[in-house]
Number of protein chains: 2
Amino acid sequence: MLVSYTEENYLKAIFALSRLYNDQEVSTNQISEHLKNKAASVTDMLKRLADKKLIDYKPYKGVKLTDKGKKTAVKVIRKHRLWEVFLVEKLNFKWDEVHDIAEQLEHIDSDKLIEKLDDFLGKPKADPHGDPIPDASGKFGVQKSVALSDASKRSALIVTGVSDHSTEFLQFLSNSGISLGNQLKIEEYNDYDRSITVKINNKRSLFLSHKAASNILVEIK
Amino acid sequence: MLVSYTEENYLKAIFALSRLYNDQEVSTNQISEHLKNKAASVTDMLKRLADKKLIDYKPYKGVKLTDKGKKTAVKVIRKHRLWEVFLVEKLNFKWDEVHDIAEQLEHIDSDKLIEKLDDFLGKPKADPHGDPIPDASGKFGVQKSVALSDASKRSALIVTGVSDHSTEFLQFLSNSGISLGNQLKIEEYNDYDRSITVKINNKRSLFLSHKAASNILVEIK
DNA sequence: GCCCTATTTTAGTCTAACCTAAAAATTTGT
DNA sequence: ACAAATTTTTAGGTTAGACTAAAATAGGGC
């Protein structure tokens with residue numbers, strides 16, 4: 001069965017949101033904010049996706065992707081990230097220019113094309129933003145930790161370690177309420193002094209200097 | 001003003017048909033056959049394209065592209081052919097596999113992408129089928145190819161392209177052992193059904209129906 | 001010039017994907 | 001526990017782009 005451009009975007013949004021919120025059910029409003037359309041339109045589409053067995057949908061209770069829906073979403077993500085690598089490494093785009101173009105290219109429908117592109121690029125493991133590229137079977141490779149200051153904005157992150165082991169820093173973390181295993185999401189990135197605001201476990205917000213952020217290690221969930 | 005995927009396909013069809021028929025007005029039926037839509041749907045779309053000043057449309061009298069429409073059509077053709085070069089030269093697709101994929105890629109909307117792709121490919125002058133690639137300003141290089149069915153007997157001819165890009169036809173050519181750059185010479189011309197016999201590279205002889213010959217483009221050596 | 005045939009347009013439907021406004025269900029606060 | 005606030009769904013409308021069936025127009029042959 002064919003999945004439209006628009007349906008793919010909904011599946012991708014649901015996949016991203018469910019990762020962000022600990023694999024919980026995703027609500028209609030979350031999707032509507034993410035895609036910037038009205039909640040009523042989302043309900044409409046959810047019914048269509050449920051008919052196609054791409055999601056499990058119980059009215060008022062949110063949605064989850066089925067295996068079929070997850071497979072479709074992951075494939076779109078694979079295509080998106082491979083195209084981003086192509087744009088940056090082969091066509092010399094800057095990493096912050098490629099998103100909108102990849103947003104279009106990700107919907108090109110040809111399995112043979114994806115695999116040949118993957119070969120051409122040398123089977124890269126991550127895109128230019130550091131986000132992992134799932135393999136042809138849909139598996140994401142093991143994550144390598146990066147500094148929080150280098151992490152990409154849209155992903156859900158897990159605190160895995162620190163690179164400054166001083167008592168002062170560890171105390172600072174403790175006072176700030178950050179500990180190993182916490183989930184972080186970058187909310188804002190200030191170009192001026194490279195400070196950031198993060199949300200911890202989807203609850204509190206916290207301001208962090210670049211210095212602090214550069215010493216916190218995270219991996220993409 | 002934005003031009004949709006579907007509108008681009010209509011403009012491309014009108015451009016191709018008007019070239020095929022000496023820049024005359026293109027009829028509703030010609031377009032409907034070319035795109036395999038019903039004539040009523042075509043009329044519908046012609047009105048929309050006329051509203052957007054992409055075509056000149058007089059009911060019952062056929063259509064012509066305006067300068068704006070021609071510019072849009074040529075840009076789509078440029079994109080299509082550049083992507084075909086990419087697919088064949090970089091991703092190692094065979095020349096008869098690329099049409100359907102390029103048909104999707106041609107609608108990706110980013111001027112910067114086209115120009116960077118053009119640079120990456122070394123600003124090619126023709127696609128893998130021998131069709132010329134217009135430059136960024138929309139100019140085609142000189143083209144003097146004619147249909148094999150219209151070529152004169154006895155001259156040495158070089159295969160430069162095809163006018164039917166269907167997989168079926170390209171496969172047929174491949175099976176018949178005809179490829180770009182081959183030298184052909186017309187040996188016999190049968191008035192009854194306008195079929196011909198050609199000699200390929202001064203070696204093998206091959207029988208070709210008028211239909212096949214009319215879709216092979218050659219230039220006089 | 002007029003009839004016949006082929007082409008083209010009009011009129012009315014359909015579906016996907018959006019929208020607004022109103023109703024229904026759920027969650028929250030006290 | 002129940003009223004208020006929030007979220008979600010329903011109902012009904014819009015647009016692009018397709019369709020079928022019927023009406024209008026154009027063009028060729030006599």
Side-chain angles (χ1 to χ4, degrees), chain A residues 1-14 17-18 20-21 24-65 69 72-73 76 103-104 106-107 109 202-203, chain B residues 1-14 17-18 20-21 24-65 69 72-73 76 103-104 106-107 109:
Chain A
M1 192 193 303
L2 61 332
V3 180
S4 76
Y5 185 110
T6 312
E7 288 166 345
E8 285 189 344
N9 279 337
Y10 273 88
L11 294 175
K12 202 171 49 132
I14 296 166
L17 290 166
S18 76
L20 224 49
Y21 297 102
Q24 308 250 308
E25 276 77 12
V26 175
S27 76
T28 302
N29 260 6
Q30 286 172 340
I31 299 169
S32 103
E33 274 169 42
H34 190 94
L35 295 178
K36 294 173 203 309
N37 42 19
K38 300 298 167 183
S41 311
V42 173
T43 302
D44 230 54
M45 177 59 90
L46 293 184
K47 286 188 204 155
R48 270 194 295 273
L49 293 174
D51 285 347
K52 291 190 173 186
K53 313 277 184 213
L54 291 163
I55 60 172
D56 287 325
Y57 169 55
K58 297 198 191 69
Y60 297 101
K61 298 295 184 183
V63 293
K64 276 193 124 164
L65 294 178
T72 308
V76 175
E103 205 72 10
Q104 298 180 60
E106 72 188 8
H107 301 292
D109 179 31
N202 292 317
K203 291 187 178 132
Chain B
M1 191 193 304
L2 60 331
V3 180
S4 75
Y5 186 110
T6 313
E7 288 166 344
E8 284 188 346
N9 280 336
Y10 273 89
L11 294 175
K12 203 171 49 133
I14 296 166
L17 289 166
S18 76
L20 221 52
Y21 298 102
Q24 307 256 307
E25 276 78 11
V26 175
S27 75
T28 301
N29 259 6
Q30 285 172 341
I31 298 169
S32 103
E33 276 169 41
H34 190 93
L35 296 177
K36 295 174 201 312
N37 283 341
K38 300 298 169 185
S41 312
V42 173
T43 301
D44 231 53
M45 177 58 91
L46 293 183
K47 286 187 203 155
R48 272 194 294 272
L49 294 174
D51 285 347
K52 291 191 173 185
K53 313 278 184 210
L54 292 162
I55 59 172
D56 288 324
Y57 169 55
K58 297 198 190 71
Y60 297 101
K61 298 296 184 180
V63 292
K64 276 194 122 163
L65 294 177
T72 307
V76 175
E103 203 72 9
Q104 297 180 60
E106 71 188 8
H107 300 292
D109 180 31

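Lettering of chains follows the sequences in order, A, B, ..., and the numbering in each one begins at 1.
Map A:Thr6 and B:Lys58 each onto its nearest nucleotide of DNA chain C; the residue landing nearer the 5' end is B:Lys58. Nearer to the 5' terminus of DNA chain C, by closest-nucleotide assignment, is the contact made by B:Pro59 (compared with the other of A:Pro59 and B:Pro59).
The nearest pair of heavy atoms linking B:Gln104 to A:Asp109 is OE1-N, 2.7 Å. Nearest heavy-atom pair, B:Glu103 versus B:His107, reported as atom, atom and distance to 0.1 Å: O-CD2, 3.1 Å. The nearest pair of heavy atoms linking B:Leu35 to B:Asn9 is CD2-O, 4.1 Å. Nearest approach of B:Ala39 to B:Thr28, heavy atoms of both residues: O-CG2, 3.6 Å.
Straight-line distance from the OH atom of A:Tyr60 to the C1' atom of D:dT9: 4 Å, rounded to whole Å.
No contact: B:Tyr5 has no heavy atom under 4.0 Å from any strand.
Using a distance-only test at 3.5 Å, with no hydrogens or angles considered, a donor-acceptor pair links the side chain of B:Lys52 to the main chain of B:Leu2. Using a distance-only test at 3.5 Å, with no hydrogens or angles considered, a donor-acceptor pair links the side chain of B:Ser32 to the main chain of B:Asn37.
Non-hydrogen atoms lying under 4.0 Å from DNA chain D are contributed by B:Asn37, B:Lys38, B:Ala40, B:Ser41, B:Met45, B:Arg48, all within residues 35-54 of chain B.
Partner of B:Leu17 under the side chain to side chain contact (heavy atoms under 4.5 Å, CB included) criterion, out of B:Lys12, B:Glu33, B:His34: B:His34 alone.
Taking side-chain N and O atoms only, B:Tyr10 has a distance below 4.0 Å to OP1 or OP2 of D:dA18.
In this structure, A:Asp51 does not pair ionically with A:Lys47, as no charged nitrogen and carboxylate oxygen lie closer than 4.0 Å.
The span of DNA chain C lying next to chain B, judged by atoms under 4.0 Å from heavy atoms, is bounded 5' to 3' by C:dT7 to C:dT10.
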